[in-house]
Amino acid sequence: MTNIESFDNNAVEANGIFIEVTNPSPRFYPTLVFPIPKNLLGSHTSIQVTLRIINNTSTSFRVNPSQTFIPEVWTSDNQTRQRLRDIDCLAASTHPNRPFDREATSGLAGLRPNLAPAIEHNETRNFDWWEIKPELPRIIFLTALLYWDNNLLVLKVPTIPDNSRSSIDHNNCWYFEVIPEETYQLRFVLNTDCNTTPVSESDTKAARTAQETGSGLLASPFVNLRLVMPLSTDSSAIEVDGIQFKTEMPESVLIIPPNLPGARTAVKLGIRATNNTSTAFRFQQLDSLDLTLIGDDGKEIKWRSDLMRTWVGKGPNYYLAPPRDSALFVLDGRLSWHWNQLLLAIPNQAGGFYYFYDLKPGTYHLGLRYLIGAQRATNIKEQVLEKVWTGWIAMPFVDLHLVN
């Protein structure tokens, strides 16, 4: 059997099974910068983490998809944030957050006894099994939310994967109070040693074949989250270590074009990086953008994209921001119609576009992220003289109004 290699050097393995963070990868982006949302009802910042469960043993094991991924939140001085008592979920205060002992953690060891009841709480439910086969990793998506609740900044972390939730279930979330302008570490603990009988699985022979490994408790690597307030003078801008990033959209009200061939509305959009340091910085253009579009109902609009390919545009490969100056990353897009669906197209900085389909008149919220990993920066340094900016930063959302 050929073992699957982890992309994450910090992944913790136990008995041939381990969890790694694949997106955003801590290996390439040691710290993720997120803007603190406005203290308004319905305003929040999404923090999505992609995990990968890898089985390098010779036998399959089963995981309950509704089984708790216990979240842990640590401060930069190695203190744990205690789980908040009830905000809007039931039975949330029964089991305070007791984390792994960081000094003893080796994937299985280090779990304090008081964490066990929280795991057992979810494992008494009825569920379908996920079978984790050798050499076939399972991808897990978990999306946390950062928002204000009665002037308290709250990090709401799910305990079951996004694709296992048909709707938001507050019983499957943990809540932590966090402080603005601080850096936190987030990780998830999974119990892979579950003896609960699957009541909805019809093929009992297959259930017996998918043997449990008894690997017990498994921890993901930490993800560093830096929470930064937008500028008091400009709520669409955020500054980190002397570099200010701002989403620029001169016209936020866009007229929907007629549903005719060739009809379109230009969308002026860009990211302005202002260098408030004494050192010149280069910013790469190619494949450096990610974005999110959210409807007024709070639901994310899924995008489609062209295949990534070598940049074929006329723009520069690198932007230069001298000291006390700025550079504008041009992301001009368009509104048009495709098969009777209103379409928003925004350049993906990799030679194609992000496409958001089937839009309607109304208000949307657009969030841009700029990201350059350390390895890519090393490659760029061979081509430019100036220092290359590296990091992962999410800018505050801006409103986009589509009107007839």
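Any value given below was found using the heavy atoms of this structure, including those in side chains, with hydrogens, waters and symmetry copies removed.
A donor-acceptor contact shorter than 3.5 Å links the side chain of T265 to the backbone of I255. Using a distance-only test at 3.5 Å, with no hydrogens or angles considered, a donor-acceptor pair links the side chain of W148 to the main chain of P37. Counting only distance, with no hydrogens or angles, the side chain of N224 and the backbone of Q185 share no donor-acceptor pair below 3.5 Å. Listed for the T45 side chain is a donor-acceptor partner under 3.5 Å among the backbone atoms of P35. Although no hydrogens or angles enter the test, the distance criterion places a donor-acceptor pair under 3.5 Å between the side chain of Y184 and the main chain of I179. With hydrogens and angles disregarded, no donor-acceptor distance shorter than 3.5 Å links the side chain of Q341 to the backbone of L359.
In this view, S336 and R264, R334, L343 satisfy the side chain to side chain contact (heavy atoms under 4.5 Å, CB included) rule, not counting sequence neighbours. By the side chain to side chain contact (heavy atoms under 4.5 Å, CB included) test, D297 pairs with K299, sequence neighbours left out. For the salt bridge (charged side-chain N to carboxylate O under 4.0 Å, His left out) test, no residue two or more places apart in sequence or in another chain qualifies with K133. Partners of H401 under the side chain to side chain donor-acceptor pair (under 3.5 Å) rule, at least two apart in sequence or in another chain, are T363. Partners of F397 by ring-ring contact (aromatic ring centres under 6.0 Å, His included), not counting sequence neighbours: none found. Contacts of A263 classified as side chain to side chain contact (heavy atoms under 4.5 Å, CB included), with partners at least two apart in sequence or in another chain: P257, P258, L260. Taking E177 as the reference, nothing meets the side chain to side chain donor-acceptor pair (under 3.5 Å) condition, with sequence neighbours excluded. Scored by the side chain to side chain donor-acceptor pair (under 3.5 Å) test, T277 finds N275 as partners (sequence neighbours excluded). Contacts of D332 classified as salt bridge (charged side-chain N to carboxylate O under 4.0 Å, His left out), with partners at least two apart in sequence or in another chain: K268.
Judged by the 6.0 Å distance and 45° axis criteria, R83 is not positioned over the aromatic ring of F176.
Between F245 and W389, the gap from one ring centroid to the other is short of 6.0 Å.
To the nearest 0.5 angstrom, S252 atom OG is 7.5 Å from L254 atom CG. To the nearest 0.5 angstrom, Y354 atom OH is 15.5 Å from R304 atom CZ. Going from atom OH of Y370 over to atom CG of D290 covers 13.5 Å, rounded to the nearest 0.5 Å. To the nearest 0.5 Å, atoms CG (L344) and CD1 (I256) are separated by 11.0 Å. Expressed to the nearest 0.5 Å, how far CG of L368 lies from CG of L366 amounts to 4.5 Å. Rounding to the nearest 0.5 angstrom, the gap separating the CZ atom in R369 from the CD1 atom in I271 is 10.5 Å.
Ring geometry, F283 versus F329: the interplanar angle falls from 30° to 60°, so the pair is classed tilted. Below 30°, between 30° and 60°, or above 60°: for W392 and F34 the angle between ring planes is between 30° and 60°, a tilted geometry.
Across all non-hydrogen atoms, the minimal contact from K156 to P158 is O-CD, 4.0 Å. Pairing each heavy atom of S220 with each of I19, the nearest pair is CB-CG2, 3.8 Å.
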- Message: Run V21 and T50 through side chain to side chain contact (heavy atoms under 4.5 Å, CB included) and show every step you take.
- Response: CA-CA 6 Å; V21 178; T50 304; over 6 Å; no
- Message: side chain to side chain contact (heavy atoms under 4.5 Å, CB included), that's the test. Do V189 and L218 meet it? Break it down for me.
- Response: CA-CA 6 Å; V189 179; L218 213 57; over 6 Å; no
- Message: Please evaluate residues F69 and I140 with respect to the criterion side chain to side chain contact (heavy atoms under 4.5 Å, CB included), reporting the C-alpha separation (whole Å), side-chain torsions for both, the decisive distance (0.1 Å), and the verdict.
- Response: CA-CA 10 Å; F69 284 78; I140 305 294; 4.2 Å; yes
- Please report the C-alpha distance between F281 and V388 in whole Å, then the side-chain angles of each, then the deciding distance to 0.1 Å, and finally whether the side chain to side chain contact (heavy atoms under 4.5 Å, CB included) criterion is met. CA-CA 5 Å; F281 277 91; V388 179; over 6 Å; no
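Judged as a salt bridge (charged side-chain N to carboxylate O under 4.0 Å, His left out), the pairs with a partner in residues 225-242 (not counting sequence neighbours) are, in order, R226-D241, D234-K246. Within the structure, salt bridge (charged side-chain N to carboxylate O under 4.0 Å, His left out) contacts touching residues 351-363 (residues at least two apart or in different chains) are D358-K360. Counting only residues at least two apart or in different chains, side-chain hydrogen bond (donor to acceptor under 3.5 Å, both in side chains) contacts with residues 30-40 comprise N39-N151.
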